[in-house]
Amino acid sequence: MSKKPVIVFEGIEGSGKSHHINIVSRYLKKRDIPFFRIREPGGSINSEKIRKLILNKNSNFNRNTDLLLYLASRSENMILLKKFYNKKIILIDRFIDSTIAYQHYGLGVELALIKSINKSILSNFKISFTFLNLVNHKNMLKRLKTRNSLNRYDNFNKNFYNKVQNGFIKLSKKNTAKYQIVDSNLDIKVNENLIINKIMKLIK
Ligand code: TMP
């Protein structure tokens, strides 16, 4: 494993993904360990413009347009990601698995199309490790209620989120050594320790 791994945080809304990436960022900052953090959609200046467009509550793009916008956002981020690849630890809040889980498993977009464009955008950029955060529907709704602003994707129904979360799980099962499942229904401190212990091993 590279000492400058690419670490991705995945999961549906309210799964604790962003909380966990914050915990890791704080841990690295405290120890003066350099890292580069980015989110998707968004991150770079151009990607943030695309994020606003996709997630705006009044947007009603069809699923293929949505896919192309997510990939456009990724394509813009790749300039930064390639710059820091193998030079700094990279933390990414959502990446390829989100596209497959949401657009393919959730919305039925053709998998081959997603894979083909991703392959071309990423070229030899590889993910080292993924934390997959899971949450049940009750806890997801509880967490979404505390948010000030909900986006277009926060209003999907239970069935949609089941499909997306099961999609994430299927992806993790294809390469279990590169995934850590984090059950966010469990104790928050236990999960924080689990993640930090794994991070320590990944960057050692
Ligand atoms: P977030 O800020 O909670 O991560 O919200 C971003 C939304 O974008 C979330 O609903 C998941 C969705 N999304 C996709 O549908 N496909 C993708 O490829 C990515 C990166 C995000």
Side-chain angles (χ1 to χ4, degrees), residues 6-22 24-25 37-44 46-78 80-81 90-122 125 127 130-135 137 139-172 182 184:
V6 176
I7 303 166
V8 179
F9 293 76
E10 294 282 13
I12 59 170
E13 277 71 358
S15 64
K17 167 181 68 62
S18 301
H19 172 71
H20 292 143
I21 200 170
N22 285 339
V24 174
S25 301
R37 173 180 168 172
I38 201 161
R39 69 170 175 179
E40 283 205 357
S44 64
N46 285 342
S47 294
E48 285 295 331
K49 289 182 193 162
I50 300 170
R51 179 184 174 94
K52 283 205 182 103
L53 192 62
I54 314 175
L55 297 181
N56 188 302
K57 269 191 203 143
N58 300 321
S59 291
N60 65 344
F61 300 116
N62 71 48
R63 60 191 184 166
N64 284 332
T65 309
D66 251 3
L67 168 72
L68 295 169
L69 288 171
Y70 282 116
L71 294 171
S73 157
R74 180 160 309 142
S75 169
E76 284 298 317
N77 282 349
M78 285 319 296
L80 291 171
L81 289 171
I90 297 177
L91 306 179
I92 316 179
D93 190 337
R94 295 195 185 283
F95 204 47
I96 306 164
D97 283 8
S98 275
T99 317
I100 298 177
Y102 281 83
Q103 274 62 54
H104 173 63
Y105 288 110
L107 294 168
V109 177
E110 193 194 341
L111 185 58
L113 174 65
I114 301 174
K115 283 194 169 169
S116 152
I117 304 177
N118 256 328
K119 197 172 166 209
S120 164
I121 294 173
L122 264 70
F125 183 90
I127 298 167
T130 299
F131 288 97
L132 172 56
N133 300 271
L134 302 180
V135 65
H137 197 66
N139 284 336
M140 177 189 123
L141 292 179
K142 219 195 268 173
R143 289 185 193 148
L144 285 186
K145 263 191 202 146
T146 64
R147 291 196 186 169
N148 298 331
S149 65
L150 294 179
N151 70 45
R152 201 176 134 218
Y153 275 64
D154 289 331
N155 294 318
F156 278 112
N157 61 30
K158 184 175 175 179
N159 181 38
F160 173 78
Y161 282 113
N162 276 341
K163 285 197 279 185
V164 174
Q165 184 155 270
N166 286 335
F168 275 122
I169 294 170
K170 269 187 208 155
L171 291 170
S172 73
V182 182
S184 289

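Note that ligands are numbered from 1 as they come in the structure, with each ligand's atoms numbered from 1 the same way. Here the structure is a predicted model, which means the values were calculated and not measured. For this chain, numbers begin at 1 and follow the sequence in order.
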>> Please check whether D93 reaches ligand 1 - meaning an N/O of the residue sits under 3.5 Å from an N/O of the ligand, judged on distance alone.
In response: no

> With backbone taken as N, CA, C and O and side chain as the heavy atoms from C-beta onward, which portion of H104 lies under 4.0 Å from ligand 1: side chain, backbone, both, or neither?
Replying inline: neither

>> Under 4.0 Å from a heavy atom of P41: which atoms of ligand 1 are those, numbered in the order shown and with their elements?
In response: 6 (C), 8 (O), 20 (C), 21 (C)

>> I need the N58 CG to L53 CG distance, nearest 0.5 Å.
In response: 11.5 Å

> Quick one: does R39 get an N or O within less than 3.5 Å of an N or O on ligand 1?
Replying inline: no

> Is any side-chain heavy atom of S184 less than 4.5 Å from a side-chain heavy atom of H19?
Replying inline: no

> Is any NZ, NE, NH1 or NH2 atom of the basic residue among E110 and R63 found under 4.0 Å from an Asp or Glu carboxylate oxygen of the other?
Replying inline: no

> How many angstroms lie between atom CG of L71 and atom CD1 of I117, to the nearest 0.5 angstrom?
Replying inline: 5.5 Å

>> As an exercise, identify every atom of ligand 1 less than 4.0 angstrom from a heavy atom of E40.
In response: 20 (C)

> Which option out of F95, Y70, Y102 puts a heavy atom nearest to atom 17 (C) of ligand 1?
Replying inline: Y70

>> Please check whether R94 reaches ligand 1 - meaning an N/O of the residue sits under 3.5 Å from an N/O of the ligand, judged on distance alone.
In response: yes

> Which atoms from ligand 1 have a heavy atom of K17 less than 4.0 Å away?
Replying inline: 4 (O)

>> Under a 3.5 Å distance rule, please check whether R39 uses its side chain to pair with a backbone N or O of D93 as donor and acceptor.
In response: no

> With side chains defined as the heavy atoms from C-beta onward, is the minimum distance between E40 and S47 less than 4.5 Å?
Replying inline: no

